[in-house]
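Please read the structure below before turning to the comments.
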Amino acid sequence: MVNQIIAEIFQEIGEYLDMQDVPFKPRAYEKASETIASLSFDLGDVYKKGGIKALEEIPGIGVSTGEKIEEYLKTGKIKFYEELKKKTPVDLTNLRRVGGLGPKKIKALYKKLNIKNLEELENAAKAGKIKSLEGFGAKSEENVLKGIEFLKRSKGRFLYGYLSSEIKNIENNLKKIKGVTRLDIVGSIRRRKETIGDVDILIESKNSAPIMDFFTSMDNVLQILAKGETKSAVLLKSGIQVDLRVVDKKSYGAALSYFTGSKDHNVALRKVAIGYGMKLNEYGLYKILDNGEEKYIAGETEEDIYSNLGMQYISPELRENRGEIELARAKKLPKLINYGDLKGDLQVQTNWTDGDASIEEMANAAIKYGLEYIAITDHTKRLAMTNGLNEKRILEQTKEIDKLNKKLEKEGVNFKILKSTECDILEDGSLDMPDEILKQLDIVSISVHSLFNLSEKEQTERIKKAMNNPYVNIFFHPTGRRLGKRDPYAVSIPEIIKYAKEKGIVLEINSQPERLDLNDEYIKMCVESGVKMSIDSDAHSVSHFPYLDLGIGLARRGWAKKEDIINTLPVGEMLKSLKRS
DNA sequence: GCCGTTTTCGGCCCGACTGTTTTCAGTCG
């Protein structure tokens, strides 16, 4: 898929133009970049089928960006971009990941100190050269160092949600090769970890040579790290490493278990085997005979291995050695929520604020995805940058929703659009919408978008005050983190969970790849405290509903059952469950 | 550079916060 590469280039073009104070164009390139990054189809295919005309039909792509996509597809380069880069040869991709640095500051650092990359930035900051620059000071220098430190901590981890289409593509192509009888994506992806370090692929085949040849010569390979008979590894242009293992049928289950991990889970599992006088490795489960010989007992499937160890099957999401081995041996594992269990989505944005599509388009996309209801949760006026709704517009929106629901009913479609809001929590914990409006909505949800640097005590009190409003039902993305970009604000989630229990407030599991908030550990805390959760896509585009799977994966990692999640219920029961006593 | 229309030019979310300044540029969402 060329999408990610082109999206990245457009993003950088936008930033280069920003440096030059060019008006409006930066936003246009940025918008094009975002659109391309979230497409579910390949730009190369679009171009092949319909040429440049078809490209221009994609919203946000026009004559100029269309031509540049064509140029990239034909030549692998975009001249305009190459020239910008020559003029200001800085590592924008990495420098802009440092919080507080935007195009203008990066330009100043380059012009005045010739800083081109993170290393030079760090050296300059450590040498105290930044604080004396015009427009910078001691605080900026300190923040630069902090930003670099943050980057180092999150280095090498990727967000699965943003790589899934590229991985899916590799998977589909490998499956087409003759002799590939089974394929699984294993490792942290199979365990549904929120960030992944690399991609591990396991294949069952008797003939690995053509597989390895194909794998190492894919278009998106930057560098071949290893190529052998059973194992190959490549670095993709997108920066992630992919490992491939090929095994035979007899060992497939054992290899699946071994390469899925986690390491800690595997160690614990092997200890159980030893206790039974057995040995477990990636080729199978073996009984050690009196004469010292090893007799193969199981290995074709994971189920065989677990049952021969006297255990229930353990879902990949639970394999972190956090107590799952003991429960599986006692046959007491919880029955986790399943993929496909969600009946609705309680956070959906539309083009009334910062979403891409109309209410009707989002509803149709949700219907197509298999949902029975969605809640429309556009931002409120405090979030001016999203064109947040004021009292007048939100009332207009409820009328529009009534109209659409009537239409759906008339057409005999079993689908309901709920009136809702993502109401901003203001400075003092009051809400950005008066009670007389809130009480007219089906669901009231709240979230924090400002004052991220309050003390833990202040932030927690602020949120609790908001939760105390009698009309509030759900607290969205409770920690506010953006993976790889921003740490959570200081807040005591255990205290919020306790208060949510007391007040009957639902906490959200936000499924956006860079949010995934609550995380698995807090989800587990909610499950244990009996606090209900909702799993929402926070969709801003018709293509975002599949993110719900990320949220379900996370919920499973947090040991959540179907009954812990309110939007597994049909719409009537779900709404009833929200009623506060 | 894109979009939409009162169609082929004129408009393009805007307010808060930070850290620098001493009135505001840059960044963020």
Side-chain angles (χ1 to χ4, degrees), chain A residues 6 9-36 52 55-69 71 78 80-81 84 92 95-109 111 125 130-147 349-356 358 378-390 393 422 424-428 432 447-454 476-477 480-482 484-487 489 510 512 514-515 538 540:
Chain A
I6 295 177
I9 292 175
F10 281 1
Q11 172 77 29
E12 288 198 15
I13 290 178
E15 280 165 19
Y16 276 125
L17 295 175
D18 245 338
M19 284 181 190
Q20 301 169 6
D21 271 323
V22 177
F24 304 115
K25 292 188 191 183
R27 297 293 84 72
Y29 276 104
E30 199 178 285
K31 186 99 206 338
S33 169
E34 281 168 14
T35 307
I36 292 168
I52 199 159
L55 290 174
E56 284 175 23
E57 272 168 29
I58 301 168
I61 310 296
V63 178
S64 178
T65 42
E67 276 172 3
K68 289 186 177 69
I69 294 171
E71 185 187 349
I78 295 175
F80 181 59
Y81 170 61
L84 288 169
L92 263 183
L95 286 174
R96 70 153 188 266
R97 289 168 62 210
V98 178
L101 288 192
K104 301 284 165 63
K105 295 225 159 135
I106 290 173
K107 185 185 178 186
L109 290 166
K111 292 277 181 215
I130 290 179
K131 62 171 178 281
S132 52
L133 284 184
E134 196 187 327
F136 293 80
K139 198 86 192 191
S140 338
E141 190 165 276
E142 200 186 312
N143 283 341
V144 161
L145 287 171
K146 263 195 217 157
Q349 265 44 265
T350 75
N351 60 9
W352 283 66
T353 58
D354 62 347
D356 289 344
S358 67
D378 280 304
H379 290 289
T380 52
K381 57 188 185 295
R382 163 65 179 68
L383 227 54
M385 70 94 157
T386 67
N387 192 22
L389 304 182
N390 58 22
R393 288 181 71 218
E422 178 174 4
D424 232 63
I425 299 176
L426 301 178
E427 281 73 1
D428 63 351
D432 192 23
S447 61
V448 171
H449 291 107
S450 61
L451 293 178
F452 293 138
N453 48 7
L454 293 181
F476 281 163
H477 46 74
R481 71 169 180 180
R482 307 290 292 272
K485 285 189 182 162
R486 186 177 73 206
D487 278 335
Y489 39 71
N510 189 297
Q512 284 282 321
E514 63 176 30
R515 286 203 183 268
D538 195 356
H540 283 65

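Excluded from the calculations below are hydrogen atoms, water molecules and symmetry mates; all remaining heavy atoms, backbone and side chain alike, are included.
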Nearest to the side chain of L451(A) - dG1(B), dC17(B), dG19(B)?
dC17(B)
Looking at S140(A), I'd like to know whether one of its side-chain N or O atoms comes within less than 4.0 Å of OP1 or OP2 on dT20(B).
yes
Base, sugar-phosphate, or nothing for A32(A), non-hydrogen atoms under 4.0 angstrom?
nothing
What is the distance, rounded to the nearest whole Å, between atom CG of N351(A) and atom P of dC13(B)?
15 Å
Base, sugar-phosphate, or nothing: which does P59(A) touch, judged by heavy atoms less than 4.0 Å apart?
sugar-phosphate
Ranking dG19(B), dC17(B), dT27(B) by distance to the side chain of K105(A), first place goes to dT27(B)
Option among Y29(A), Y16(A), Y81(A) that satisfies the ring-ring contact (aromatic ring centres under 6.0 Å, His included) test with F10(A)
Y29(A)
Of all the nucleotides listed (dG29(B), dG26(B), dG1(B)), which has the minimum atom distance to the side chain of K104(A)?
dG26(B)
At less than 4.0 Å, is any side-chain N or O atom of N143(A) found next to OP1 or OP2 of dG19(B)? Yes or no.
yes
Determine the interatomic distance between P on dC12(B) and the same-named atom on dC17(B); round to the nearest Å.
25 Å
Between dT27(B) and dT20(B), how far is it from one P atom to the other, in whole Å?
13 Å
Rounding to an integer number of Å, can you tell me how far R27(A) CZ sits from dG26(B) P?
13 Å
Roughly, in whole Å, what's the span from CG in L426(A) to C1' in dG15(B)?
13 Å
For R382(A), which contact category applies under a 4.0 Å heavy-atom criterion: base, sugar-phosphate, or nothing?
sugar-phosphate
Applying the 5.5 Å / 30° rule, does F24(A) stack onto the base of dC12(B)?
yes
What is the distance, to the nearest angstrom, from the CG atom on D18(A) to the C1' atom on dG26(B)?
10 Å
In terms of heavy-atom contacts, K31(A) and D356(A) come closest through NZ-OD1, 4.0 Å
SB check K104(A) D21(A) (cutoff 4.0 Å)
yes
Hey, are D424(A) and T380(A) close enough side-chain-wise for a donor-acceptor pair under 3.5 Å?
no
In whole angstrom, give me the gap between the P atoms of dG26(B) and dT21(B).
13 Å
Scanning all shown strands, the Watson-Crick or wobble mate of dT8(B) with both distances under 3.5 Å is none
Atom-to-atom span, CD1 of I130(A) to P of dT20(B) - whole angstrom
12 Å
Is the phosphate of dG1(B), meaning OP1 or OP2, less than 4.0 Å from a side-chain N or O of K68(A)?
yes
Please tell me whether K68(A) and S64(A) have a donor and an acceptor in their side chains that are separated by less than 3.5 angstrom.
yes
Assign each of E134(A) and N387(A) to its nearest nucleotide of DNA chain B by heavy atoms, then name whichever residue's nucleotide is nearer the 5' end.
N387(A)
Quote, to the nearest angstrom, the C1' distance that separates dC28(B) from dC13(B).
14 Å
To the nearest angstrom, the CD-P distance between E67(A) and dC2(B) comes to 9 Å
Measure from NZ or CZ of K105(A) to the centre of the six-membered ring of F136(A), then state whether that distance is under 6.0 Å and the direction lies within 45° of the axis.
yes
For dA16(B) versus dG11(B), give the span between their P atoms, rounded off to a whole number of Å.
25 Å
In terms of side-chain heavy atoms of T65(A), which of dG1(B), dG29(B), dC13(B) is nearest?
dG1(B)
Find out whether E142(A) and I130(A) are in side-chain contact, i.e. whether some heavy atom of one side chain is under 4.5 Å from a heavy atom of the other.
no
Whole-angstrom distance between dT8(B) and dC3(B), as gauged at atom C1':
11 Å
Of the candidate nucleotides dC14(B), dC2(B), dT20(B), which contains the atom at the shortest distance from the side chain of A384(A)?
dC14(B)
Categorize N453(A) for me: base, sugar-phosphate, or nothing, with a 4.0 angstrom heavy-atom threshold over every strand shown.
sugar-phosphate
Interatomic distance where NZ belongs to K31(A) and C1' belongs to dC3(B) [whole Å]:
11 Å
